[in-house]
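This report refers to the structure that appears directly beneath it.
Basis for what follows: all heavy atoms, side chains included, without hydrogens, waters or symmetry-related copies. Numbering of ligands and ligand atoms starts at 1, following listing order. Quick note: residue numbers are just sequence positions, from 1. It should be emphasised that the depicted structure is a prediction, and the values quoted were computed from it without experimental measurement.
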Amino acid sequence: MEEYWNILIFLFISVATLIVFSLRSRRWKRLPMPPGPSGYPIIGNMMTMNKLTHRHLAHLAQRYGGLFHLRLGLLNVFVVSTPDIAQQVLQVHDKSFANRPVGKAMRYLSYDRANMAFANYGPFWRQMRKLCVMRVFSRKRTESWVSVRDEVESTVRSVAAEAGQSVNIGELVFSLTMNITFRAAFGTTFTSNQDRFLSILQEFSKLFGSFNLGDFFPFLGWLDLQGMDDRLRNARRDLDRFIDVIIDRHINNPKIDSNSNSKSDAYELDMDMVDDMIDFLGESTDAGDGDNNNNLPGPLRLTKNNIKAIIMDVMFGGTETVGSTIEWALAELIKNPEDMRRVQEELVNVVGLNRKVNESDINKLLFFKCCVKETLRLHPPIPLMLHESTKDCEVSGYFIPAKSRVMINAWAIGRDKPAWGHDADTFRPSRFMVDEKASGLDFRGGFFQFIPFGSGRRSCPGMQLGLYGLEMSLSQLLHCFTWNLPHPMKPSELDMGDVFGLTAPRAVRLVAVPTPRLNCSIIS
Ligand code: HEM
């Protein structure tokens, strides 16, 4: 009986696929599709799906070029691996590639795209982005920046307490960045519930990465062959239970100065991201932009679902990205003792050994800044940026149909030999000081060989906050301690492999032994 059903499903998929492709192919005759590895009938390249990491895609690009094509079921996937094609997609045709592809899990867990990261490009997304850039992630919102400074201080104290012993840097910095984002989002009152929230995030992360047949054969979307529906419902219910309480407490205890009935400076200091967003709570065009709710008549009004979904953007966008960069930077510097010596010497010259690093020191730490750039070039925390074409489009003489998935391989682009030279795979921070091609590059996305924060409309809105957390944490860890590998490991033996998921952290956590190096007390 089961066999009978399998055959029936297979026949159904085959016929539907052939119909869809024969209808589409009429339009495709005008321009060629980019080259790519050949696949099987109907399923295309789905058999190699578990291999589609940034590394394997970079390898395929060497054979098929800077723009190549894969087919996963009914889904067309285009992979961009060179700076010039990235410029075509993110600048020349940016509007045509400004959507995000969203599978079943992402759609459901984001309350039907009620967030910014998955919203389709349009008025709803524009207003959300404005709100986040101007207020929620803004430089003016003091609590986020205070939370960075406080949490870095407390991490330095805990490292000092373990001086001379092996410290798991991966775990240390993940909990540092988690604390920073958690506190910036919810304020100080809720910190005791962090473990519960962490397990909710972990389940979300697993569901985002899980395979769902309906994402590749949309007409099979109603089938729940993998039994995903229950897990999705439970995960979102857990998040609702957790954040609804926090939002309600914020609504019932607004941070208003009771004397003046308005927000005083002191109260502003204490404002967290939820406080910022509840100002916009109201009867609204419900939550998500879905696929069609994209014509907002008036100013932005948010629902609780929008607030929850944006908080998840912050948690996913701002925690592992910053944490993995700190860990990679320390690993690269430990592996390259000459660069470590130079960056620590600069810290001595600019800051001195009698105090810790201040915010105002950072811009004077020129070589340190090159180390940050070089780390983000070699290890972009989001190695594959996912976009979706909004309409049929031509790129470099090839046809890209509407609703195609476009992956921009920032990892491959950061190691592109024509752009970075023969030592593109080598950690050499000084290239950002001395090399003609690299010395003027910044993070803003105008140089397509260097796009760790993306470029154009969908580029990272949390860049300032992310860089602040990254630079403050890394500079303090480098200034306050010397770092050695546990005996008898040599720097040359350090494993530099990564794993692929939503981000690309180290495959093996970095473990190192700190020794305090300041003349003053670190504990103060
Ligand atoms: C080292 C730190 C970070 C890096 C390298 C980074 C990188 C990126 C990249 C590459 C993208 C996608 C760009 C594209 O698809 O074209 C992105 C999007 C995004 N990032 Fe970041 N990010 C960082 C920190 C943060 C922080 C701290 C936040 C929040 C406070 C954040 C929030 C977001 C959001 C919401 C989006 C989606 C924007 C949209 O779709 O319109 N990121 N980030």
Side-chain angles (χ1 to χ4, degrees), residues 54 80 86-87 89-91 94 97-102 106 110 113-122 124-133 135-139 141 143-145 147-148 173 177-178 180-185 272-273 276 289 306 309-329 372-373 375-388 405-411 413-414 443-445 448 450-474 502-505:
H54 51 288
V80 174
Q87 181 166 18
V89 169
L90 297 174
Q91 190 181 54
D94 59 340
F97 294 101
N99 276 357
R100 289 236 190 261
V102 171
M106 288 183 179
S110 63
R113 301 179 177 215
N115 58 345
M116 187 202 333
F118 300 154
N120 268 338
Y121 175 69
F124 170 80
W125 170 84
R126 258 197 302 276
Q127 290 195 17
M128 293 278 272
R129 178 126 182 152
K130 202 164 145 196
L131 170 74
C132 286
V133 173
R135 282 189 72 156
V136 185
F137 308 159
S138 132
R139 190 80 181 87
R141 230 180 41 74
E143 174 58 32
S144 300
W145 315 91
S147 80
V148 171
V173 292
T177 52
M178 182 71 199
I180 291 174
T181 30
F182 195 91
R183 186 171 148 184
D272 54 54
M273 291 182 180
D276 265 333
D289 83 328
N306 290 121
I310 296 181
I311 291 297
M312 292 313 256
D313 279 355
V314 177
M315 292 297 161
F316 281 106
T319 305
E320 207 167 291
T321 46
V322 180
S324 70
T325 313
I326 300 171
E327 192 185 2
W328 274 119
V372 171
K373 283 184 179 166
T375 305
L376 285 165
R377 177 183 76 81
L378 285 176
H379 309 285
I382 302 184
L384 293 178
M385 296 177 231
L386 297 185
H387 288 231
E388 188 185 76
R405 190 171 286 201
V406 179
M407 293 178 172
I408 296 134
N409 192 342
W411 186 88
I413 290 171
F443 291 118
R444 283 178 293 182
F448 289 86
F450 187 55
I451 46 171
F453 291 93
S455 174
R457 289 164 211 263
R458 298 306 290 235
S459 63
C460 179
M463 183 171 86
Q464 280 216 36
L465 190 51
L467 276 176
Y468 182 74
L470 168 58
E471 292 179 342
M472 284 306 289
S473 315
L474 183 61
L502 287 179
T503 62

I'd like a table of the close N/O pairs between ligand 1 and the protein (anything under 3.5 Å), one pair per line with both atom names and the distance.
residue	atom	partner	partner atom	Å
ligand 1	15 (O)	R100	NH1	2.8
ligand 1	15 (O)	R100	NH2	3.1
ligand 1	15 (O)	H387	NE2	2.9
ligand 1	16 (O)	H387	NE2	2.9
ligand 1	40 (O)	R100	NE	3.3
ligand 1	40 (O)	R100	NH2	2.9
ligand 1	40 (O)	R458	NE	3.0
ligand 1	40 (O)	R458	NH2	3.1
ligand 1	41 (O)	W125	NE1	2.9
ligand 1	41 (O)	R129	NH1	3.1
ligand 1	41 (O)	R458	NE	3.3
ligand 1	42 (N)	G317	O	3.3

Query raised in the report: What pairs with E471 under side chain to side chain donor-acceptor pair (under 3.5 Å), at least two apart in sequence or on another chain?
Result: K369

**Report entry** Taking every non-hydrogen atom, the tightest pair across R129 and P461
**Finding:** NH1-CD, 3.8 Å

Query - Residues forming a ring-ring contact (aromatic ring centres under 6.0 Å, His included) with H379, sequence neighbours excluded - result: W328

Report summary line: Hits for side chain to side chain donor-acceptor pair (under 3.5 Å) against T321, two or more places apart or cross-chain, chain-then-number order -> none

Report summary line: For R458 and M116, the nearest pair of non-hydrogen atoms, with its separation, is NH2-O, 3.0 Å

Report summary line: G414 and R377 have their tightest heavy-atom pair at O-NH1, 2.7 Å

